[in-house]
Amino acid sequence: MLLSNAFLRFYSPVFEKSRALSSPFTRFQKFNSRRVWEGVSLWFAILLMLFVHPLYAEASEADTLGQLHFVDGQGHWQEPALVLGSDFDIRVSGLIADTRLLRSFRNTSDQWREGVFVFPLPEKASVYGLTMKVGERTIEGRVQPREAAHQAYETAKRAGQQAANLEQQRPNLFTARVANIPPGDTVSVELKYQQPVRYQAGVFELSIPTTLTPRYVPGALTGSSADQWQDGWSLPTNRVADADAISPFTVNPRDVADDSHRASIEVRIDAGLPLEEVSSPSHQLATSRDGQAVTVRPASGEILMDRDFVVRWRPLAGREPSAAVFHQSWQGEDYLLALLVPGQTGHSVLPRELVFVIDTSGSMAGESIRQARSALKAGLQTLTPRDSFNIIQFNSQTHALFMQPEIANGNNLARARQYVDDLTADGGTEMAPALSLALQHRSGPGDVAERVRQVIFITDGAVGNETALFQQIHQQLGDQRLFTVGIGSAPNRHFMREAARWGRGTYTAIHSTSDVSGPLRALFSAMSAPVLADIRVQWPGQDEGVESFPRRAGDLFQGEPLIHVARGVPAMGELKVSGRLPGGERWSRTLDLQQAAPGTGLHRHWAREKIDSLQDRATVSGQAPDKAGITRLAVAHGLMSAYTSFVAVDATPARAAEAPLAKENLPTLLPAGSQAGMLRYPQTATAAPLLIALGLVGLMFSVALMLLQRRAFQ
């Protein structure tokens with residue numbers, strides 16, 4: 001306003017003189033022209049205001065990003081100096097997969113480097129070893145309390161010693177740090193970890209994550225202390241205190257060297273029974289057989305680390321396992337692992353109330369939202385007129401199709417299909433309000449007492465506040481069931497599996513639109529009724545200090561196995577398992593423990609289950625976990641945990657004190673099928689677009705006001 005008034009005062013004599021000299025016809029033309037320009041100016045100003053809002057939001061978000069990386073002095077993008085290579089060597093024996101993962105960090109610059117890489121591992125991975133290789137030297141890592149390992153690494157880095165540190169940020173998310181990588185040289189870090197093989201509906205499955213979908217970080221910024229490692233695009237918030245540690249930069253494959261972020265994978269499967277088929281929904285495979293053992297590699301050789309590598313194998317028809325027991329003796333203790341698959345039982349299908357919850361946040365854009373829509377439509381096809389249903393979508397906001405669940409008649413299903421077709425992906429991942437709405441029981445028309453209420457949650461799980469969401473599910477679940485459907489090429493499997501466990505349901509993964517029908521058919525078949533409920537597991541000597549996990553077995557659904565692990569039980573006597581069938585009759589089975597086959601890594605599996613149990617107890621009570629107890633247990637079994645880390649230090653200094661050391665945070669690759677909106681480049685932009693837009697808005701308003709005042713003077 002001040003600018004426009006000054007403009008008018010300065011030019012008003014000129015305007016008056018011009019107006020006096022003009023003819024009436026000319027004045028009429030100018031009058032109409034001014035009215036047109038007034039309208040155009042005002043509308044343009046309004047459009048600019050609408051344009052400014054997203055720019056302001058983008059600038060605000062940019063302010064939370066981490067420090068500059070991969071950028072030269074002129075602000076131009078540069079490829080990372082470190083080239084990352086990965087080599088997975090996996091051996092599957094029975095129900096346990098043991099992996100040796102070799103990460104190589106090759107320094108292509110002429111400066112000493114520290115490499116930092118945040119990466120995923122399987123959600124049930126038990127990391128039990130770290131070895132650093134420098135030239136011909138091999139340095140074995142040790143597991144220590146997290147703070148001690150952190151301090152040892154920092155001390156070695158400052159002293160010029162080559163060192164490696166591995167920390168757990170989430171059960172499926174880890175950070176590797178490698179200090180003092182020489183110019184033009186390579187330092188390798190070998191990780192050893194094991195994971196349970198998933199078995200469901202007659203199919204074994206092994207997932208090897210290679211990248212991750214950027215996770216939504218809710219909450220207000222809390223600031224950071226000076227001694228915190230700041231490595232990510234996000235800063236800590238009051239709801240995700242370690243946001244900086246779980247937010248690695250995400251880039252396109254063309255943003256790294258041509259030979260970087262590639263992985264070689266070899267999986268040798270010895271399932272202990274003949275296999276009918278080995279397949280993958282994610283990659284083409286090259287397989288070779290040696291008796292019952294099968295070796296699997298990607299057909300293309302090295303693969304780009306932009307999606308999970310998934311392998312499935314199916315036993316010969318009629319040779320599917322129904323029961324198996326494995327035994328290990330470790331440090332004078334006996335460990336037993338038992339698998340039991342109850343047979344299929346006939347049952348009548350009860351009327352259901354299904355609530356479908358679909359994630360439509362920005363991380364679901366692209367192939368993921370197409371997979372999610374296909375999954376939701378497949379679920380709608382299972383409904384009968386006896387069922388009621390509703391659909392809830394969420395991003396930054398939560399919206400429901402109906403005010404309450406409605407009967408699954410033709411009209412409502414047609415509305416639902418149209419609603420699903422119109423869904424698009426954008427915005428944040430505010431999952432808590434959607435969970436609250438879905439778990440809030442609202443009886444629809446024709447509600448009957450025996451209706452089974454089930455919630456199907458379709459998402460990529462790209463959130464950073466997992467623990468708070470697990471606690472919410474536990475508090476609000478009641479007598480409902482929560483089933484999760486993982487979407488995308490790199491979903492947060494830890495969240496998906498644990499949310500289903502807390503929800504007393506099951507977890508299903510969808511890897512592509514062509515992979516929808518099989519997994520969902522098994523899911524919806526299992527959802528019709530549990531095969532076995534009220535399960536009790538009785539080990540010999542159960543009352544004499546035997547510790548078995550899980551503490552309390554949940555319901556088993558069709559095709560789902562019961563897996564129990566125990567410590568302190570010799571391979572003798574019988575394991576007794578009982579439960580209640582859908583019709584109410586009792587079911588029981590005994591397993592002869594003397595028939596146990598030799599097993600490996602059972603003690604680590606038991607220790608991981610006990611750690612999970614201690615953390616579950618803390619989640620339920622709302623209290624802090626038993627840090628001291630978890631640390632002792634993890635150190636005793638040589639495991640990574642939230643409170644223990646691995647550190648390896650070469651005693652001989654390699655870098656002279658006067659030689660500078662540059663830190664480089666290696667990015668992860670954008671998951672295949674994701675849109676460019678999920679890229680998380682280092683922040684190099686300023687608020688210039690916002691300031692320019694604000695200036696244009698002010699200018700247009702000034703012009704509009706000037707024209708209006710001229711009309712007033714006429």
Side-chain angles (χ1 to χ4, degrees), residues 80 82-93 96-108 113 115-122 125-141 162 164-166 172-178 181 184-195 197 206-212 248 253 256-270 278 280 282-288 293-311 489-490 601 640 646 648 666-669 672:
L82 296 179
V83 174
L84 175 72
S86 299
D87 185 3
F88 294 83
D89 183 9
I90 305 169
R91 297 292 181 263
V92 178
S93 177
I96 300 293
D98 194 87
T99 300
R100 292 175 180 266
L101 168 57
L102 185 67
R103 300 274 198 209
S104 61
F105 300 83
R106 179 163 56 88
N107 185 0
T108 63
R113 294 272 170 169
V116 181
F117 185 49
V118 179
F119 61 95
L121 287 180
S126 299
V127 182
Y128 65 89
L130 178 144
T131 303
M132 181 174 64
K133 298 181 179 180
V134 183
E136 299 298 323
R137 298 191 307 281
T138 298
I139 301 95
E140 292 291 335
Q162 290 168 326
N165 172 251
L166 183 67
N172 66 334
L173 194 62
F174 296 78
T175 300
R177 303 173 188 278
V178 183
I181 306 173
D185 210 341
T186 299
V187 174
S188 299
V189 176
E190 183 183 77
L191 308 182
K192 298 177 184 178
Y193 67 86
Q194 69 178 46
Q195 67 186 101
V197 175
L206 184 70
S207 297
I208 304 162
T210 64
T211 191
L212 64 148
V256 298
D258 291 340
D259 57 344
S260 187
H261 290 71
R262 267 64 176 174
S264 62
I265 300 177
E266 179 179 289
V267 183
R268 182 176 174 83
I269 304 169
D270 187 0
V278 179
S280 171
S282 61
H283 296 78
Q284 294 291 323
L285 299 181
T287 61
S288 60
V294 179
T295 300
V296 177
R297 300 180 184 88
S300 60
E302 286 191 337
I303 63 170
L304 196 63
M305 294 169 56
D306 66 345
R307 71 191 72 192
D308 292 354
F309 181 82
V310 181
V311 181
S489 57
M640 286 276 297
F646 274 98
L666 279 81
T668 58
L669 296 187

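Residue numbers run from 1 in the order of the sequence given.
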Kindly give the heavy-atom pair with the smallest separation between [X] and [Y], and that separation in Å.
X	Y	result
Leu212	Ala490	CA-CB, 4.1 Å
Ala672	Arg307	CB-NH2, 3.3 Å
Ala263	Met305	CB-CG, 3.8 Å
Arg262	Ala257	NH1-O, 3.9 Å
Gln194	Gly601	NE2-O, 2.7 Å
Ser104	Ser188	CB-OG, 3.7 Å

Do [X] and [Y] make a side-chain contact, defined as non-hydrogen atoms from C-beta onward lying under 4.5 Å apart?
X	Y	answer
Pro667	Pro248	no
Ile269	Val311	yes
Val118	Thr668	no
Ser282	Asp308	no
Tyr128	Asp98	yes
His261	Thr211	no

Residue pair Ser264 / Asp87, side-chain donor-acceptor N/O under 3.5 Å: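 Yes, Asp87 and Ser264 have a side-chain donor paired with an acceptor closer than 3.5 Å.
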Partner set under salt bridge (charged side-chain N to carboxylate O under 4.0 Å, His left out) for Arg103, not counting sequence neighbours: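 By the salt bridge (charged side-chain N to carboxylate O under 4.0 Å, His left out) rule, Arg103 matches no residue at all.
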Side chain to side chain contact (heavy atoms under 4.5 Å, CB included), paired with Val178, selected from Leu666, Val116, Val189: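 Only match with Val178 under side chain to side chain contact (heavy atoms under 4.5 Å, CB included): Val189.
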Find the distance between [atom1] ([X]) and [atom2] ([Y]) and round it off to the nearest 0.5 Å.
X	Y	atom1	atom2	value
Tyr193	Ile90	OH	CD1	5.5 Å
Glu190	Asp89	CD	CG	9.0 Å
Thr295	Leu285	OG1	CG	12.0 Å
Arg297	Glu266	CZ	CD	4.0 Å
Phe119	Thr175	CZ	OG1	7.5 Å
Leu191	Leu166	CG	CG	5.5 Å

Trace of the side chain to side chain contact (heavy atoms under 4.5 Å, CB included) decision for Thr210 with Leu669: CA-CA 9 Å; Thr210 64; Leu669 296 187; over 6 Å; no
Phe309: partners by ring pair (Phe, Tyr, Trp, His ring centres under 6.0 Å), with sequence neighbours left out: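 Applying ring pair (Phe, Tyr, Trp, His ring centres under 6.0 Å) to Phe309 gives His283.
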Side chain to side chain contact (heavy atoms under 4.5 Å, CB included) between Asp185 and Asn107, worked out: CA-CA 6 Å; Asp185 210 341; Asn107 185 0; 5.8 Å; no
Verdict with reasoning, Ile208 to Val267, per side chain to side chain contact (heavy atoms under 4.5 Å, CB included): CA-CA 10 Å; Ile208 304 162; Val267 183; 4.2 Å; yes
Steps toward side chain to side chain contact (heavy atoms under 4.5 Å, CB included) verdict (Phe105, Leu84): CA-CA 5 Å; Phe105 300 83; Leu84 175 72; 3.9 Å; yes
